[in-house]
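Worksheet: the structure to be examined is printed underneath.
Every chain is numbered from 1 and lettered A, B, ... according to where its sequence line falls, protein lines coming before strand lines.
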2 protein chains.
Amino acid sequence: MPFDLQPSFRALSDPSRRDILRLLGAQEMSVADVAQHFDMTRAAVKKHLNVLDEGGLITTRKRGRERLNRLNAEGLRPVVDWLSWFDQFWDQRLDALKAAIEEIEDPNLTPKETEDD
Amino acid sequence: MPFDLQPSFRALSDPSRRDILRLLGAQEMSVADVAQHFDMTRAAVKKHLNVLDEGGLITTRKRGRERLNRLNAEGLRPVVDWLSWFDQFWDQRLDALKAAIEEIEDPNLTPKETEDD
DNA sequence: TTGACAGGATACCAAAAGGTATCACAACAT
DNA sequence: ATGTTGTGATACCTTTTGGTATCCTGTCAA
C-alpha cells in the first residue's frame, strides 16, 4: 500500500502551519510558546499542531505539564519525493539550455557522450 | 514583496489535483480528456484545472473549441525552494552519509574544488 | 443555417476547515 | 490543600471547498 501523502500535503496547505514549521525549525517549543508568535488563540494553534502531527511534520514530547513540539523534517521527505517526480520536466528544459550554452562556449564539445565516464 | 506560495500549495493539497498534474505530465490534454480519467463531472475537473492554473502549475492554450491543458513544472519551483529550506535539518545527516559513500568509492576525490571548471 | 459538441460560468449543496469560547484535567508552587 | 498555569477536548460559528446540475457561449460539421 502506497504511503498516504494527503496528511502531509494537507498540513502544508495552510500558511500559518507553514510558518509554525519554520518557527519550530529554530527550536523546540511548547504550545503556548508557538501561540505567542501568532494572532490566534492557543486553541487554534493547538489544532494546527495536531494537523502538523498527523502529517508527520512534527513530533511531540511531554515535559512536566507542557507539551514540547519539535520539527520533524524527515516528514517532508515523502512530499519532496513526490515533487521530485517532476524533475524530468524542467530538467529536460534546463538541460537543453545548459547544452546550448555549452555549445556556444565550446563548439567542439559533443554533448551526446562523454568518454571519460 | 515575497512570492505568494499559497496558490501553489493550495493547488497541491487535493489528491485529485495531484493526480491531474501527473496525468498532464504524460501529455497535453483537453478538459474532457482529463475528466475521462476521473469519477467526476467535467465541471468538477474544470474547477480543479482552474485551481491548478491559479497555482501556476499548468498552462492552457486554445485549439479550436477545446482548451488544452499542459503541465507547467516550473510552477513547482517555488514550492520546492520553500521545502529546501528544511534541507539543513536532514541534510546534515544525509551529507555525512553521502560523503562517507563517496569516500569509499573514490578516496582520492577532493570534494572541495575541481580545477577544470 | 442548424444541430451537435467542447467549454465556461453560475447557483446551489454538503462537508471540511479555520477560528473562538469554554470546560475539564494534570502538574507545579505556595 | 489550594490556587495557578499549561494543556486537551468539545461545542459552536462562519467561510471555504469539492462536487453536481444547469444554462449559456463558441466552434465545427452537415
Side-chain angles (χ1 to χ4, degrees), chain A residues 4-24 26-72 75 79, chain B residues 4-24 26-72 75 79:
Chain A
D4 187 11
L5 284 166
Q6 186 51 22
S8 308
F9 270 108
R10 191 233 171 182
L12 289 172
S13 71
D14 182 87
S16 299
R17 283 195 289 266
R18 291 198 299 276
D19 288 344
I20 292 176
L21 265 196
R22 298 197 65 147
L23 191 61
L24 292 180
Q27 57 177 323
E28 198 176 30
M29 294 173 71
S30 73
V31 179
D33 287 340
V34 175
Q36 205 168 6
H37 289 76
F38 293 90
D39 192 20
M40 263 185 286
T41 62
R42 193 177 43 76
V45 169
K46 178 56 169 62
K47 278 194 178 181
H48 282 309
L49 289 171
N50 283 342
V51 175
L52 287 170
D53 190 37
E54 288 165 11
L57 270 36
I58 64 171
T59 59
T60 65
R61 69 186 177 96
K62 273 188 75 174
R63 187 183 59 186
R65 60 179 160 184
E66 50 189 359
R67 168 82 63 182
L68 297 182
N69 303 273
R70 175 184 292 244
L71 169 68
N72 178 33
V79 173
Chain B
D4 187 12
L5 285 166
Q6 187 51 23
S8 308
F9 270 107
R10 192 236 169 180
L12 290 173
S13 71
D14 182 86
S16 299
R17 284 195 289 267
R18 290 197 301 277
D19 288 344
I20 291 176
L21 265 196
R22 297 197 67 147
L23 191 60
L24 292 180
Q27 58 177 322
E28 199 176 30
M29 294 173 71
S30 73
V31 179
D33 287 341
V34 176
Q36 206 168 4
H37 288 75
F38 294 89
D39 192 20
M40 262 186 286
T41 61
R42 192 174 43 76
V45 169
K46 178 56 168 62
K47 278 194 177 181
H48 283 310
L49 289 170
N50 284 341
V51 175
L52 287 170
D53 190 37
E54 289 164 12
L57 270 35
I58 64 171
T59 59
T60 64
R61 68 186 178 94
K62 273 187 74 174
R63 187 182 60 184
R65 60 180 160 180
E66 48 187 2
R67 169 81 64 180
L68 297 182
N69 304 273
R70 175 184 293 242
L71 169 68
N72 178 34
V79 173

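Look at CZ on F9(A): it is 21 Å from P on dA16(C), rounded to the nearest Å. For the pair E54(B) CD and dG18(D) C1', the computed distance is 14 Å after rounding to whole Å. Distance L68(B) CG to dG8(C) P: 10 Å, rounded to the nearest Å. When the C1' atom of dA16(C) is taken as reference, atom CZ of R17(A) falls 12 Å away, rounded to whole Å. Atom-to-atom, CG of D33(B) to P of dC5(C) comes out at 16 Å; the value is rounded to the nearest Å. For the pair L49(A) CG and dA9(D) P, the interatomic distance rounds to 12 Å; values are reported in whole Å. Rounded to a whole Å, the CD1 atom of I20(A) is 11 Å from the P atom of dG18(C). At whole-Å resolution of the value, NZ in K46(A) and P in dA21(C) are 18 Å apart.
Looking at heavy-atom distances under 4.0 Å, A44(A) makes contact with a base.
Nearest heavy atoms, S8(B) versus G55(B): OG-O, 3.1 Å. The two residues A11(A) and L57(A) have their closest heavy-atom pair at CB-CD2, 3.8 Å.
At dA27(C), none of the side-chain N or O atoms of R63(A) fall inside 4.0 Å of OP1 or OP2 (strictly under the cut-off). Phosphate contact (OP1/OP2 of dG18(D), side-chain N/O of S16(B), threshold under 4.0 Å): absent. Neither OP1 nor OP2 of dT20(C) sits under 4.0 Å from any side-chain N or O of R42(A). At least one side-chain nitrogen or oxygen of T41(B) sits closer than 4.0 Å to the OP1 or OP2 atom of dT20(D). Listed pair R10(A) / dG18(C) meets the phosphate criterion, a side-chain N or O lying under 4.0 Å from OP1 or OP2. OP1 or OP2 of dG19(C) has at least one side-chain nitrogen or oxygen of H48(A) nearer than 4.0 Å.
Counting only heavy atoms from C-beta on, E66(B) has its side chain closest to dG7(C) among dG19(C), dG7(C), dA21(D). Nearest to the side chain of A43(B), among dG19(C), dA9(C), dG7(C), sits dA9(C).
Within a 6.0 Å radius of CZ in R70(B), other residues, nucleotides and ligands contribute 12 heavy atoms or fewer.
Heavy-atom nearest nucleotides on DNA chain D were determined for R65(A) and for K47(A), and the one closer to the 5' end corresponds to R65(A). The nearest heavy atom of DNA chain C to N50(B) and to K62(A) marks one nucleotide each, and the one closer to the 5' end goes with N50(B).
Residue side chain R67(A) does not reach the base of dG8(D) through any donor-acceptor N/O pair under 3.5 Å, judged by distance alone.
Between the side chains of R18(B) and Q6(A), a donor-acceptor pair is found at a separation under 3.5 Å.
Distance check: R67(B) CZ to S30(B) OG gives 11.5 Å after rounding to the nearest 0.5 Å.
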